[in-house]
Amino acid sequence: MQDQPPVHDLPERLELPLTTGEPWWYWLGGRPALDLVNTLRERWRRRVETLVTPGDLERWLLRAGVMDKSTDVAVTPEVLAEARSLREAIDACVTALVEEKPFAPAAVKRIDSFLKFAGARPALVMGADGVPALGERGEGHSPRRALGVIALDAARMLGDPAERARVRVCASDTCSARFYDRSPAGRRRWCSMRTCGNEAKARRHRARSRSAA
């Protein structure tokens with residue numbers, strides 16, 4: 001993934017729906033599947049959509065590093081709807097996992113339906129000598145191929161017991177970020193210590209100060 005800008009909380013006064021969600025993307029998931037889930041912000045309250053337009057999705061896929069810059073296949077409204085559908089299927093599985101509930105078969109089937117876009121694909125290309133040669137298309141050759149990469153990441157995360165054990169939802173009451181715990185001990189609670197972790201520490205400090213007073 002490319003270097004990403006810092007996280008910004010959503011302001012209380014926010015005109016909804018957004019015209020573009022790009023200023024409000026954040027990259028705390030630790031893997032593409034969870035970063036996609038986090039494009040629907042404030043799941044606990046306003047459910048703010050940040051993949052508002054096909055252009056939003058195209059820029060997000062590029063910034064997430066799952067789509068090649070050289071692609072000449074445009075994101076359509078149909079593909080945008082498919083991306084949102086994949087996102088919600090992944091989140092349904094993540095929520096079931098964290099809450100220790102059964103997985104919804106429809107959500108698992110939806111993720112699986114995108115796996116047909118993952119993996120190698122043949123391509124017939126012209127060589128420098130003007131003769132066609134059989135090669136392979138890159139994983140990020142098109143928006144749907146990029147979504148296939150994300151679906152494969154989700155499948156690996158959800159289909160492996162060791163990886164499932166590291167899927168988290170931020171412990172903050174005012175955050176809904178999903179993230180993959182890569183800490184050695186596997187005990188991380190916050191999506192980011194710079195944001196939710198520090199805020200929790202500050203709240204505990206204020207509470208102790210009031211008690212002492």
Side-chain angles (χ1 to χ4, degrees), residues 1-18 20-52 56-57 60 63-65 83-84 86-104 107 111 150 153-154 156-158 160-213:
M1 184 189 299
Q2 304 168 14
D3 291 339
Q4 304 300 345
V7 177
H8 298 288
D9 288 336
L10 298 181
E12 282 299 316
R13 293 185 179 181
L14 189 64
E15 188 173 344
L16 299 175
L18 301 174
T20 176
E22 185 171 5
W24 308 112
W25 295 336
Y26 63 124
W27 308 88
L28 303 174
R31 53 194 308 160
L34 295 178
D35 282 330
L36 178 64
V37 169
N38 290 337
T39 59
L40 185 65
R41 297 199 56 174
E42 286 191 4
R43 287 177 177 270
W44 56 280
R45 183 170 62 146
R46 289 182 287 183
R47 297 181 64 85
V48 178
E49 178 63 73
T50 69
L51 294 180
V52 183
D56 275 349
L57 177 59
W60 189 92
R63 196 173 298 176
R84 291 174 178 171
L86 173 62
R87 178 187 67 192
E88 296 312 302
I90 296 171
D91 188 61
C93 291
V94 167
T95 301
L97 174 61
V98 171
E99 296 180 354
E100 299 182 345
K101 294 180 179 179
F103 286 77
I111 296 169
I150 293 174
D153 180 58
R156 287 170 172 159
M157 176 180 69
L158 297 167
D160 184 297
E163 296 205 19
R164 284 199 301 268
R166 288 182 173 267
V167 177
R168 306 277 187 270
V169 175
C170 183
S172 171
D173 291 336
T174 58
C175 180
S176 58
R178 280 65 167 144
F179 67 93
Y180 187 80
D181 182 3
R182 297 187 183 277
S183 66
R187 296 177 181 174
R188 188 173 140 207
R189 299 184 62 208
W190 318 107
C191 62
S192 172
M193 279 305 299
R194 290 181 302 156
T195 53
C196 293
N198 281 336
E199 289 171 8
K201 287 170 62 178
R203 283 195 297 269
R204 288 195 299 268
H205 176 73
R206 289 192 296 268
R208 285 194 298 267
S209 297
R210 286 194 296 268
S211 297

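Just so you know, these numbers come straight off a predicted model, no measurement behind them.
- Proximity of a side-chain donor or acceptor of Arg182 to a complementary backbone N or O of Arg166 within less than 3.5 Å is not detected.
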Step by step, would you call Glu163 with Arg31 a side-chain contact (heavy atoms from CB on, under 4.5 Å)? CA-CA 11 Å; Glu163 296 205 19; Arg31 53 194 308 160; 2.8 Å; yes
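- Remark: the backbone N or O of Thr39 is paired with a side-chain donor or acceptor of Thr50 at under 3.5 angstrom.
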Applying side-chain contact (heavy atoms from CB on, under 4.5 Å), run through Ile150 and Ile90 and close with a yes or a no. CA-CA 10 Å; Ile150 293 174; Ile90 296 171; 4.2 Å; yes
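- Under the 4.5 Å side-chain criterion, counting only non-hydrogen atoms from C-beta, Arg84 is not in contact with Leu57.
- Residues Leu18 and Gly21 share a closest heavy-atom pair of CD1-CA, 3.9 Å.
- Within 6.0 Å of the CZ atom in Arg164, the count of heavy atoms belonging to other residues, nucleotides or ligands exceeds 12.
- Of the inter-residue distances, the one linking Cys170 atom SG with Trp44 atom CH2 reads 11.5 Å to the nearest 0.5 angstrom.
- Between the side chain of Asp181 and the main chain of Arg189, no donor-acceptor pair closer than 3.5 Å is present.
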Do Leu51 and Trp25 pass the side-chain contact (heavy atoms from CB on, under 4.5 Å) test, and can you show the C-alpha distance, the side-chain angles, and the key distance before you say yes or no? CA-CA 9 Å; Leu51 294 180; Trp25 295 336; 4.2 Å; yes
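- In this structure, Arg178 contributes its side chain and Ser176 its backbone to a donor-acceptor pair below 3.5 Å.
- To the nearest 0.5 Å, atoms CD (Glu49) and CG (Asp56) are separated by 8.5 Å.
- Scanning all heavy atoms of the two residues, the minimum distance from Asp35 to Gly30 falls at OD1-N, 4.1 Å.
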Show, in sequence, the C-alpha distance, side-chain angles and deciding distance for Val48 and Leu40, and conclude whether the side-chain contact (heavy atoms from CB on, under 4.5 Å) test is met. CA-CA 6 Å; Val48 178; Leu40 185 65; 5.8 Å; no
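- Rounding to the nearest 0.5 Å gives a distance of 9.5 Å between CZ of Phe179 and SG of Cys196.
- One distance of note links OG1 of Thr174 with CG of Asp9; it measures 7.5 Å at 0.5 Å rounding.
- No donor-acceptor pair closer than 3.5 Å links the side chain of Asn38 to the backbone N or O of Ala177.
- Of the possible polar contacts, one joining the Arg41 side chain to the Trp24 backbone as a donor-acceptor pair under 3.5 Å is found.
- The shortest non-hydrogen separation linking Phe103 to Leu97 is CZ-CB, 3.9 Å.
- Side chain of Arg188 to backbone of Cys191: a donor-acceptor contact under 3.5 angstrom is found.
- Judged purely by atom type and a 3.5 angstrom limit, Asp91 has no side-chain atom pairing as donor or acceptor with the backbone of Val37.
- Within 6.0 Å of atom CZ in Arg45, more than 12 heavy atoms from other residues, nucleotides or ligands are found, so the atom counts as buried in its surroundings.
- Of the possible donor and acceptor atoms, none in the side chain of Arg187 sits under 3.5 Å from a partner among the backbone N and O of Pro184.
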